[in-house]
2 protein chains.
Amino acid sequence: MIAPRIVICGAGFGGLSAAKTLGKWFSRSGRSGNLLLIDKENYHLFQPLLYQVATAGLSGPDIAVPIRSILRRFPQISVRMDEIQGVDLEKQAVFLAGGTVQYDYLILALGAVTSYFGHSSWSEYAVGLKTLYDAHRIRSQLLRAFEEAENTENFQDQEELLTVVVVGGGPTGVELAGAIAELARRVLRLDFRRIDPTKARILLIEAGPRLLGEFPERLGRIAEEKLRSLGVEVRLSAPVQDICRRLVVLPKETIRAATIIWAAGVRPHPLAETLPVPKDRSGRLLVLPDLSLPDYRNVFAIGDLVSVACVPGTAPAAMQMGRHVANLIIQEIASGPGQLDNRAPFRYKDKGMMATIGRAAAVARIRRVAFNGPIAWFAWLFIHLFYLIGFRNKVSVLLQWIWAYLTYRPGARILLRTEEHKTPL
Amino acid sequence: MIAPRIVICGAGFGGLSAAKTLGKWFSRSGRSGNLLLIDKENYHLFQPLLYQVATAGLSGPDIAVPIRSILRRFPQISVRMDEIQGVDLEKQAVFLAGGTVQYDYLILALGAVTSYFGHSSWSEYAVGLKTLYDAHRIRSQLLRAFEEAENTENFQDQEELLTVVVVGGGPTGVELAGAIAELARRVLRLDFRRIDPTKARILLIEAGPRLLGEFPERLGRIAEEKLRSLGVEVRLSAPVQDICRRLVVLPKETIRAATIIWAAGVRPHPLAETLPVPKDRSGRLLVLPDLSLPDYRNVFAIGDLVSVACVPGTAPAAMQMGRHVANLIIQEIASGPGQLDNRAPFRYKDKGMMATIGRAAAVARIRRVAFNGPIAWFAWLFIHLFYLIGFRNKVSVLLQWIWAYLTYRPGARILLRTEEHKTPL
């Protein structure tokens, strides 16, 4: 029997957990497998810690692990670094920049990209935070603004340079605002001679009436209080009207800021648009209860690409979906094609959610229990270390956290260039 | 008495050691000081380990330390991130991209840039290794070539993609070739399914008759043997005739290679050209024995910017020069202007030189003793850790070395993008 060709597009949390589940089964069952995992990068990115790369706490390789390295011990899995350009569901083909591959089973796990809700011009002035490139860009922009503020004589410029606006009061926005406040007030405090980094203004802008809308209401209030105590100005019920160069327009005020970070929304990978599948308002695919596409039993979509009632767009949800569809495929392969009529629907096990706000401060809901303070913070540290892939990365991140906690001097305050430095003269 | 304004241009080994020497003296003597250290980056780069960032062993922040952080405890020293565009020796002014600063004493420590010996078109096809940006570019190019080789069906393309040429048989070229050979033969060995990374061709090209020309002859031969045993093809007496896209032309052969790295030469920072000072053949400044410029007693040039007989272009030499000119300035300030007629000439203390070739292999000359093998390798590790600035960096680098040594899996095999990834469709 020829092994069915299983193609997984995307090596985020969903795609990787599907690949691992399948790889383990093939290894254990001794069957020959034919698995291909495609991603446009050569690494799996641990997105929950991306904000720490953006705020100079960690370096890129700390939270990025080569995909080939993760899947090294699964000989049935090939990895291909390539760009997905389209899918033909009838011909069972995935079109890549470097060629076409055929599949018997397809798992689409392409994740999300930053969404500016139709205001594409805003992307030029407000950087999103979805990729390592984004994180380096935010870090460079933040550090450069302080450097330029130190150099300028103009008081108004200085004020603008020392103002940071974070748009979006979800977990990413809250974590970013807290980390930036600590960077300015604690880390950079002694580094400059002319400016006082503790005078930097950090604003967190949220369109809705409260922070952390998906968390219990009490935790949103606690996060807000904690951010205010760190000196962050929180604006609630303040939908952004417009963004242009160094300018954010809110209903009641206009803020001049050199650094504007967009953490307000995501939309599914553009491939979703091209698929003949119903979508929700934000463009996510409405899949069947087993996560397959309507009319295409052999094609699954998981993670941030899909909309499933009561399932949040988080890493644990994507991982559970990855395991679910991998197990469906395993069952079908094991029982022979067409043998399995009733597929199990995907059931989300809600283990909770958490966000860190700063030094020894976090909010968490684990199952139905909401808590905060140092215990939530330790839980946050522990869970993120636990899920971070790679022993080397766990050790490196843990040591950097301990170091930064003890010394207030995080290690990655490096202004990386994204283009070549041209020597003048 | 008004404190004399001391301006240091460049925060490499020379500039930083001058700044620290002056900072310590000002702190100890209780005098008010007025020191400005200018660099175009916000970090000091530990260049001796740059080849390990290029070959995925270390991440950028491991070998880059924020300048402000290093000099934090010296309140007399200001740091300015800015680009030097020119110097007016008569008006005692340094012109920066963001303004002009006046000096009473000036220390020029701008270092060197990659030199293609007049063949500027080669720079497009053969990347140099002087900056963090260069290192990331080489790393991405190397890893991308393996990825593309895995994807292609064309055998000739595959051969070209799996060929790496390093031009220049000095320490940088030797260290790069050794590290790339180990990356291909040991690290990436199990990562791919279709290509065999151990079949990669790595060539080291040297124009002169032997490797490590500045080392004792025996060590050059040992390095050559060791590289050959790692599978590196060493070409001696092979001056490069031409370089174009993926092509290196030598007198007796033409090599097709997707990755071409240029480690064959440096020239002083372009500012050197603009100074009214005699220069040697490679454009380095011929300074007076005390390292001041002829006719300008208050202006010093140090490090790779200058040519001093029998002094190599190494980090220890630059550091010794930095301390020397700092001490001259301290003596003049302490004794009052014009009091010091006879300045001490700079004397280089030769402590030796070393280069690592691979796992547990290195060559070293410490004073007059030449040695090699594991002892030289341990000496190399120890000395590089010792001189690496920052306790956090020392610990991080040491742990990554131990990890890579035990597991053959260095941590930074991340293909960092230097430009934004545009999602297709």
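All of these numbers come straight from a predicted model, not from anything done at the bench. Letters go in sequence order (proteins before strands), and every chain restarts at 1. Because only heavy atoms are used, hydrogens play no part in the values below, and waters and symmetry mates are left out as well, while side chains stay in.
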Is chain A contacted by the side chain of Ile414(B), its backbone, both, or neither, given a heavy-atom distance below 4.5 Å?
both
Output yes when a side-chain donor or acceptor of Arg409(A) lies under 3.5 Å from a complementary backbone atom of Ser69(B), and no otherwise.
yes
With rounding to the nearest 0.5 angstrom, report the CZ to OG distance, Arg194(B) to Ser78(A).
8.0 Å
Are side-chain heavy atoms of Arg392(B) and Gln400(A) found at a separation under 4.5 Å?
yes
Report the C-alpha separation of Glu147(B) and Arg80(A) in whole Å, then their side-chain angles, then the decisive distance to 0.1 Å, and conclude whether the side-chain contact (heavy atoms from CB on, under 4.5 Å) test is met.
CA-CA 7 Å; Glu147(B) 294 290 340; Arg80(A) 179 167 178 155; over 6 Å; no
Between chain A and each of Val395(B), Asn151(B), Ile67(B), count heavy-atom pairs under 4.5 Å; write down the option with the most.
Asn151(B)
Can you see which heavy atom on Leu415(B) is nearest to which on Asn42(A), and at what distance?
N-OD1, 3.0 Å
Contact part of Glu153(B) toward chain A, heavy-atom cut-off under 4.5 Å: side chain, backbone, both or neither?
neither
Taken to the nearest 0.5 Å, the spacing of Leu35(B) CG from Arg193(A) CZ works out to 11.0 Å
Of the backbone (N, CA, C, O) and the side chain (C-beta and beyond), which part of Thr131(B) lies under 4.5 Å from a heavy atom of chain A, both, or neither?
neither
Ranking Glu148(B), Glu273(B), Met81(B) by heavy-atom pairs under 4.5 Å to chain A gives rank one to Met81(B)
To the nearest 0.5 Å, atom OG1 of Thr407(A) lies from atom CZ of Phe391(B) at 10.5 Å
With a 4.5 angstrom heavy-atom cut-off, could you sort out which part of Leu132(B) is near chain A: side chain, backbone, both or neither?
side chain
side-chain contact (heavy atoms from CB on, under 4.5 Å) assessment of His136(B) paired with His136(A)
CA-CA 13 Å; His136(B) 285 142; His136(A) 285 142; over 6 Å; no
From CG (Leu416(B)) to CD (Glu41(A)), nearest 0.5 Å
9.0 Å
Need one label for Ser396(B): side chain, backbone, both or neither, based on atoms under 4.5 Å from any heavy atom in chain A.
neither
For chain B, which residues of residues 70-77 of chain A have heavy atoms nearer than 4.5 angstrom:
Leu71(A), Arg72(A), Phe74(A), Pro75(A), Ile77(A)
Could you list which of residues 54-62 of chain A have a heavy atom closer than 4.5 Å to any heavy atom of chain B, in residue-number order?
Ser59(A), Pro61(A)
